[in-house]
Undergrad: 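First the structure, then my questions, so here it is.
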Amino acid sequence: MKYMIRIFVLLPLLILFNCSPIDNSSKENEVSNRPSLPINESDVFNLNEVPSITLEFSLTNWNAILQNFDLNPANDKKVVSKFSFSTNGNTVVLDSIGLRLKGNTSRRRPEGGFGELHTTNNPDWHHSHFALDFSKYRDSQRFKGLDKLNLKWFKDDAAYVREVYCYDLFRRFGCWNAPRASYCKVTIKVAGDVTPAYFGVYAMVENMDEDFIRKNQSNWGSGTGFLWKGGWSGSNNANFVSTESIGVENVDINPALSVYYAYDLKTRKNELPAAKAELLQFITDLNTKTGGEFQTWIEQKMDIPLFLKTYAVNVVVGMWDDYWANGNNFYFYFSPNGKAYFIPYDYDNTLGTSQIVSNSGTQNMLTWGNMTQRPLITKILAIPQYQTLYKGYITQLNSSTNDLFHSTKSILRIQGWQNRIAPFVSNDTGEDMQIGDVPASWGNQPNYRLKTGNNQGGSNGPANFFTTKKLSVLW
């Protein structure tokens, strides 16, 4: 109701923005007509460096971000920004990229309160997630092989490490289907300000888009198939059982006109009927086939070892806001090679930040989440040879001989990253000003630690998440 009131109060602004040149492209709901540029492995994601990113805005465009947030906090309208990336004495500058706010429950107004515009005198800055679109206004423009890039502040992660650690672990374990992530420093400069605002250390996270698909074509075949984002929409989630919420999202500046789907099509959007038919057939077959017929079918439709390797990492790091527990936070790609691929996504609520499951450090990894409404994982694990494979992956992750999830190896990596970013954490927002070792305050297990603690799962004082998790491997 409060957003509806805002709509009526700010209707003149709404009309102005819909007519303004700030975001005059309708590409978001069209099939991409961007040229197929060569996709090179980007050197952006380097955990040995902490590059600097500066985002520069005209006063009009920065105020548009604030005003659009007031009209609809979930809006996806982009404004023009200048982008600079500096590392090791080298700087890349793109003078016109698209930028919008990003996040669900973590989305915030980056300055001031409702109705306030930018002020140069004692501005009230706030950490916010940003989504960058390098080709929004120039089709052929890329940044080091990337079309898009996500900048995420470390919300509720005093350790400044959870999402970076998880994506790094996926890649270490051979899960090439996972995005990459690393650190950067972010600065915001609004035209007319005497000094820019330093927003502190952020995570750079690779975006799931057509360029990501093309970059991995040696693994899943050339061409662009249908990419779906799975999550929540109202009472519907992407559980691969329900088929009530499938479509192309449209987040309007007017919340009343916005539409959301549990399965949101991200590529070839004007081919929704064909994409939906493919998804519906997959869901039908997944739920109706049994026994040997199911095993033969699923082996034809998915790379099962890759899927189970991915899910072993997912469960080991304690990701509960996922497909298995919550029907949330994943992408699913139907490749032209005839196979479907699970892509993990959004790993900030991990490593001891626990909710939904009773205790993410001690939860049985064979019964991690919902056992009746998650056929994509439960039916595969019901096949003995695949349950054995899954168990083997978890054992490998915990082995002291691998530089993967083992506590000693993990703590060394985390400490090294924290040492590297520590000089840059203090920032002009006044938020998240120092590195700590506690999970999110809203979680159900406040005693988990990453670098210290016992192995007793939080039942007897501070517990180390890595050593506790290893003891929960019951085979």
Side-chain angles (χ1 to χ4, degrees), residues 45 162-181 205-206 208 212-213 215-221 227 230 240 286 294-295 297-325 328-335 337-347 350-351 360 363-369 374-406 409-410 413 466 469-470 472-475:
F45 304 100
R162 284 174 167 82
E163 194 148 30
V164 169
Y165 175 93
C166 294
Y167 286 135
D168 177 69
L169 183 61
F170 276 119
R171 307 293 289 199
R172 284 173 181 268
F173 200 44
C175 298
W176 53 264
N177 51 319
R180 294 165 294 173
V205 182
E206 190 171 18
M208 298 297 99
F212 180 84
I213 290 170
K215 178 174 69 69
N216 286 291
Q217 63 185 4
S218 62
N219 295 307
W220 52 32
L227 177 67
F240 286 104
L286 176 65
F294 171 76
Q295 182 172 346
W297 172 80
I298 197 66
E299 288 172 352
Q300 293 171 345
K301 292 301 295 184
M302 293 187 70
D303 181 337
I304 302 300
L306 177 63
F307 175 63
L308 292 178
K309 181 177 282 193
T310 301
Y311 233 94
V313 174
N314 180 87
V315 172
V316 160
V317 300
M319 170 55 158
W320 50 267
D321 194 15
D322 67 333
Y323 166 71
W324 197 347
N328 196 28
N329 284 329
F330 66 92
Y331 286 81
F332 203 69
Y333 177 56
F334 289 95
S335 169
N337 72 2
K339 289 187 180 292
Y341 295 85
F342 183 92
I343 301 172
Y345 176 73
D346 204 0
Y347 279 74
T350 54
L351 301 182
S360 64
Q363 181 86 359
N364 188 320
M365 287 181 271
L366 291 174
T367 55
W368 179 251
R374 304 293 185 269
L376 187 65
I377 182 68
T378 57
K379 291 188 70 171
I380 292 174
L381 288 183
I383 300 171
Q385 71 189 69
Y386 287 134
Q387 184 176 126
T388 299
L389 186 62
Y390 172 73
K391 289 178 178 179
Y393 288 144
I394 290 175
T395 300
Q396 288 178 43
L397 285 162
N398 281 281
S399 173
S400 62
T401 62
N402 300 322
D403 192 5
L404 296 168
F405 186 77
H406 188 268
K409 305 295 180 64
S410 294
R413 289 203 303 278
F466 300 106
K469 195 73 175 182
K470 183 176 182 179
S472 70
V473 179
L474 303 178
W475 52 82

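No hydrogens, no waters, no symmetry mates; every other heavy atom, side chains included, goes into these values.
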Undergrad: Which distance, rounded to the nearest 0.5 Å, do you find between the CD1 of I394 and the NZ of K309?
TA: 13.0 Å
Undergrad: If the threshold is 4.0 Å, N to carboxylate O, is there a salt bridge linking D303 and K339?
TA: no
Undergrad: For V205 and V164, what are the C-alpha separation, side-chain angles and deciding distance, and is it a side-chain contact (heavy atoms from CB on, under 4.5 Å)?
TA: CA-CA 8 Å; V205 182; V164 169; over 6 Å; no
Undergrad: Looking at every heavy atom in both L389 and P305, which two are closest together, and how far apart are they?
TA: CD2-CA, 4.0 Å
Undergrad: Are T310 and N177 linked by a side-chain donor-acceptor pair shorter than 3.5 Å?
TA: yes
Undergrad: For N398 and L404: C-alpha separation, side-chain torsions, deciding distance, then whether side-chain contact (heavy atoms from CB on, under 4.5 Å) applies.
TA: CA-CA 7 Å; N398 281 281; L404 296 168; over 6 Å; no
Undergrad: Measure across G221 and N337 and return the closest heavy-atom pair with its distance rounded to 0.1 Å.
TA: N-ND2, 4.2 Å
Undergrad: Would you kindly say whether W475 and T395 are connected by a side-chain donor-acceptor distance under 3.5 Å?
TA: yes
Undergrad: Kindly say whether the aromatic ring centers of Y333 and F212 come within a distance under 6.0 Å.
TA: no
Undergrad: Taking the six-membered ring for Trp, are F332 and F240 closer than 6.0 Å centroid to centroid?
TA: yes
Undergrad: Looking at F405, does the NZ or CZ of K470 lie under 6.0 angstrom from its six-membered ring centre and within 45 degrees of the ring axis?
TA: no
Undergrad: Testing the basics here: between R162 and T350, what is the closest heavy-atom pair and its distance to 0.1 Å?
TA: NE-O, 2.8 Å
Undergrad: In this structure, which one of Y167, Y331, Y347 forms a side chain to side chain contact (heavy atoms under 4.5 Å, CB included) with P179?
TA: Y167
Undergrad: What class does the angle between the rings of W297 and F294 fall in, given that below 30° is parallel, 30 to 60° is tilted and above 60° is perpendicular?
TA: tilted
Undergrad: Of the non-hydrogen atoms in M302 and L376, which two are nearest, and what is the gap between them?
TA: SD-CD1, 3.6 Å
Undergrad: Distance only, no hydrogens: is a donor on one side chain within 3.5 Å (strictly under) of an acceptor on the other, for S410 and Y165?
TA: yes
Undergrad: Between M319 and D346, which heavy-atom pair has the shortest distance, and what is it?
TA: CE-O, 2.9 Å
Undergrad: Classify the ring geometry of Y323 against F342: parallel below 30°, tilted from 30° to 60°, perpendicular beyond 60°.
TA: perpendicular
Undergrad: Which distance, rounded to the nearest 0.5 Å, do you find between the CZ of R180 and the CZ of F170?
TA: 15.0 Å
Undergrad: Is there a donor-acceptor contact under 3.5 Å from the side chain of N402 to the main chain of Q396?
TA: yes
Undergrad: Please walk me through it: do W220 and W176 pass side-chain contact (heavy atoms from CB on, under 4.5 Å)?
TA: CA-CA 11 Å; W220 52 32; W176 53 264; 3.6 Å; yes
Undergrad: Closest approach of W368 and S360, non-hydrogen atoms and distance?
TA: CH2-O, 3.6 Å
Undergrad: Name the residue from E299, K391, Q295 that meets the side chain to side chain donor-acceptor pair (under 3.5 Å) definition with Y386.
TA: E299
Undergrad: With side chains defined as the heavy atoms from C-beta onward, is the minimum distance between Y311 and W324 less than 4.5 Å?
TA: yes
Undergrad: Let's go through R413 and D403 carefully: what are the C-alpha distance in whole Å and the side-chain angles of both, what is the deciding distance for side-chain contact (heavy atoms from CB on, under 4.5 Å) to 0.1 Å, and is it a yes or a no?
TA: CA-CA 9 Å; R413 289 203 303 278; D403 192 5; 2.7 Å; yes
Undergrad: To the nearest 0.5 angstrom, please state how far the CD1 atom of I377 sits from the CG atom of L366.
TA: 9.5 Å
Undergrad: Could you measure the distance from the CG atom of N329 to the CD1 atom of I343? Nearest 0.5 Å is fine.
TA: 13.5 Å
Undergrad: Would you say the side chain of F466 lies within less than 4.5 Å of the side chain of L351, judging by non-hydrogen atoms?
TA: yes
Undergrad: Are F307 and Y390, when compared by the centres of their aromatic rings, separated by less than 6.0 Å?
TA: no
Undergrad: What is the distance from atom CD1 of I383 to atom CD1 of I304, rounded to the nearest 0.5 Å?
TA: 7.0 Å
Undergrad: How many angstroms lie between CD1 in I298 and NZ in K379, if you round to the nearest 0.5 Å?
TA: 8.5 Å
